[in-house]
Amino acid sequence: MAINKFLFHAGRKFRILVSVMIEYPKEFIKMLKKANSVAVLTGAGISAESGVPTFRGKDGIWKNFSAEELATVDAFMNNPERVWEWYLWRRQVMSGVSPNPGHKALAEMEKLFDDFTLITQNVDGLHRQAGSNSILELHGNISLNKCLECSRPFAGEISLERGELPKCECGGKIRPDVVWFGEMLPRDIINKAFMASERAELFFSIGTSALVHPAASLPVTARQSGAYLVEVNLDPTPLSGFADLAIHGKAGEILPGIVKLINELRDEPKK
Ligand code: BV8
Ligand code: ZN
């Protein structure tokens with residue numbers, strides 16, 4: 001398979017600028033063959049090809065507010081209508097999109113490894129729609145609501161037309177069931193994510209700028225625990241220089257090729 005791209009060789013590290021046919025480093029091929037424990041971290045980039053705006057891309061700003069300004073308890077306490085207006089806009093956007101080949105490839109990849117964990121920062125639910133099962137949603141799910149005070153789930157309808165936002169039985173305000181900046185992640189979910197990262201032999205960081213913590217430290221933990229770390233991202237990130245292999249391009253174009261390669265390697269007659 002001819003390489004028609006640039007291959008930067010720096011010690012063990014490879015950086016590949018993807019165009020079409022790819023020839024991956026031998027070490028990566030070996031890991032695809034022998035790894036049993038695989039973990040994947042995804043961010044907004046994997047949903048970009050489905051039409052979901054990313055956070056730091058040019059479409060990451062909503063009415064001149066950054067996510068960090070809207071996705072906080074303070075922002076909600078100061079102006080719950082504005083925060084709900086943002087979440088209702090995002091819900092409307094997400095209700096009109098569907099999983100892309102990147103999501104579907106990861107759902108396929110799950111079946112190819114005994115121990116596979118998909119850790120996502122995304123609240124769009126597209127991985128589940130694509131058929132993935134072993135998912136850890138670090139930052140919650142945008143289609144769910146809960147009480148700000150007692151955390152009781154709220155199934156009622158949220159509308160800004162009816163003036164008053166709905167209240168919980170306890171009188172508390174209703175908020176989207178996502179993790180806001182400055183809030184701890186669900187303890188059991190983040191613990192499972194770190195354990196999966198520590199035992200992973202192969203770790204993929206896909207479509208994330210690797211800037212938001214503690215999610216951004218999962219690939220680092222995996223690499224420091226001996227995993228072969230692969231980054232699949234449109235642009236370089238702070239993780240690129242740390243990864244064993246950095247593949248820069250669209251997840252929806254790259255991941256199906258990797259799954260196809262794994263199947264080919266599985267069909268190869270054992271030497
Ligand atoms: C916490 C839910 C305890 C809500 C979200 C340590 C160091 C520095 C700061 C901190 C730290 N520890 C804690 C912090 C503070 C903070 C933080 O990390 N701040 C950042 C901004 C520096 N973390 C927290 O507050 C966390 N809580 O730590 O609590 C605590 C509290 C205070 C102080 C200490 C400890 C809670 C974080 C969770 C916040 N909630 N979402 C909602 O969605 O409404 S975060 C939200 O933003 C997303 O979930 C996601 O995590 C993040 C966005 O990042 P990405 O997904 O990576 O998206 P981005 O747009 O940035 O990048 C997309 C990438 O895709 C790009 O690189 C692009 O090139 C690429 N791409 C685009 N298209 C494609 C593609 N790649 C492939 N294919 C394509 N087609
Ligand atoms: Zn309540």
Side-chain angles (χ1 to χ4, degrees), residues 18 41-62 65-76 83-84 86-91 93-94 100-103 105-106 119-125 137-154 156 166-187 189-190 193 204-220 231-240 246-256:
V18 168
L41 174 69
T42 64
I46 196 163
S47 296
E49 292 156 82
S50 295
V52 179
T54 63
F55 283 71
R56 280 176 184 72
K58 61 183 178 351
D59 51 16
I61 294 302
W62 181 79
F65 293 98
S66 71
E68 282 89 354
E69 285 163 308
L70 288 161
T72 64
V73 172
D74 296 355
F76 185 73
V83 171
W84 263 121
W86 183 49
Y87 279 96
L88 292 177
W89 170 72
R90 291 171 66 192
R91 281 182 179 176
V93 169
M94 290 174 187
N100 64 60
H103 297 107
L106 290 178
I119 307 160
T120 189
Q121 299 169 78
N122 301 343
V123 295
D124 57 31
E137 290 176 319
L138 294 179
H139 297 160
N141 187 316
I142 200 170
S143 59
L144 304 176
N145 311 316
K146 67 178 182 181
C147 172
L148 185 74
E149 306 308 326
C150 72
S151 292
R152 197 190 320 242
F154 177 84
K167 287 263 188 325
C168 170
E169 290 157 33
C170 79
K173 284 187 171 64
I174 301 301
R175 56 167 287 174
D177 189 358
V178 295
V179 179
W180 281 334
F181 288 96
E183 289 189 313
M184 300 299 271
L185 278 60
R187 185 173 300 286
I189 292 180
I190 191 65
F204 291 92
S205 178
I206 303 171
T208 181
S209 55
L211 294 172
V212 171
H213 290 267
S217 35
L218 293 167
V220 176
E231 178 182 61
V232 177
N233 206 63
L234 195 58
D235 309 297
T237 73
L239 206 61
S240 306
I247 309 169
H248 292 142
K250 292 187 171 185
E253 295 173 1
I254 295 161
L255 296 175

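All residue numbers refer to positions in the sequence shown, counting from 1. Basis for what follows: all heavy atoms, side chains included, without hydrogens, waters or symmetry-related copies. Indexing begins at 1, ligand by ligand and atom by atom, following the structure's order. Since the structure is predicted, the reported quantities are computational estimates derived from the model, not experimental observations.
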Location of contacts on [X] toward ligand 1, heavy atoms closer than 4.0 Å:
X: Ala44; result: both
X: Leu70; result: neither
X: His213; result: both

Heavy atoms only: which of [options] is nearest to [atom]?
atom: atom 37 (C) of ligand 1; options: Leu255, Val232, Val212; answer: Val212
atom: atom 78 (N) of ligand 1; options: Ala251, Ser240, Ala48; answer: Ala251
atom: atom 42 (C) of ligand 1; options: Glu137, His248, Glu49, Arg90; answer: Arg90
atom: atom 63 (C) of ligand 1; options: Gly182, Gly207, Gly249; answer: Gly207
atom: atom 71 (N) of ligand 1; options: Pro53, Ala216, Gly45; answer: Gly45
atom: atom 66 (C) of ligand 1; options: Ile190, Thr72, Asn233; answer: Asn233
atom: atom 38 (C) of ligand 1; options: Met184, His139, Glu231, Glu253; answer: His139

In this structure, the Zn ion (ligand 2) sits at the vertex of an angle between SG of Cys170 and SG of Cys147 that rounds to 10° as 100°
Geometry at the Zn ion (ligand 2) - Cys168 SG versus Cys150 SG angle, rounded to 10 degrees:
110°
Is the backbone N or O of Gly43 less than 3.5 Å from a side-chain atom of Asn122, with the two atoms forming a donor-acceptor pair by type?
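Pair found, side chain donor or acceptor close to backbone of Gly43.
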Treating Asn145 as the side-chain partner and Phe154 as the backbone partner, does any N or O pair qualify as donor plus acceptor under 3.5 Å?
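Looks like yes, one N/O pair under 3.5 Å.
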Is any NZ, NE, NH1 or NH2 atom of the basic residue among Arg152 and Glu169 found under 4.0 Å from an Asp or Glu carboxylate oxygen of the other?
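A salt bridge is present here (some side-chain N lies under 4.0 Å from a carboxylate O).
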Is the closest heavy-atom distance from Gly252 to ligand 1 below 4.0 Å?
no
Quick one: do the [X] and [Y] side chains pair a donor with an acceptor below 3.5 Å?
X: Thr120; Y: His139; answer: no
X: Thr72; Y: Asp74; answer: no
X: Thr208; Y: Gln121; answer: yes
X: Glu231; Y: Ser205; answer: no

Min N/O separation [X] to ligand 1 under 3.5 Å:
X: Val123; result: no
X: Val179; result: yes
X: Tyr87; result: yes

Indicate the ring-plane relationship of Trp84 and Phe76, choosing parallel, tilted or perpendicular according to the 30° and 60° boundaries.
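Ring orientation of Trp84 relative to Phe76: perpendicular.
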Ring-face cation of Arg90 near Trp86 (centre distance under 6.0 Å, axis angle within 45°)
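Yes; both conditions hold, so Arg90 lies above the ring face of Trp86.
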After noting the C-alpha distance and the side-chain angles of Val232 and Ile46, does the key distance pass the side chain to side chain contact (heavy atoms under 4.5 Å, CB included) rule?
CA-CA 9 Å; Val232 177; Ile46 196 163; over 6 Å; no
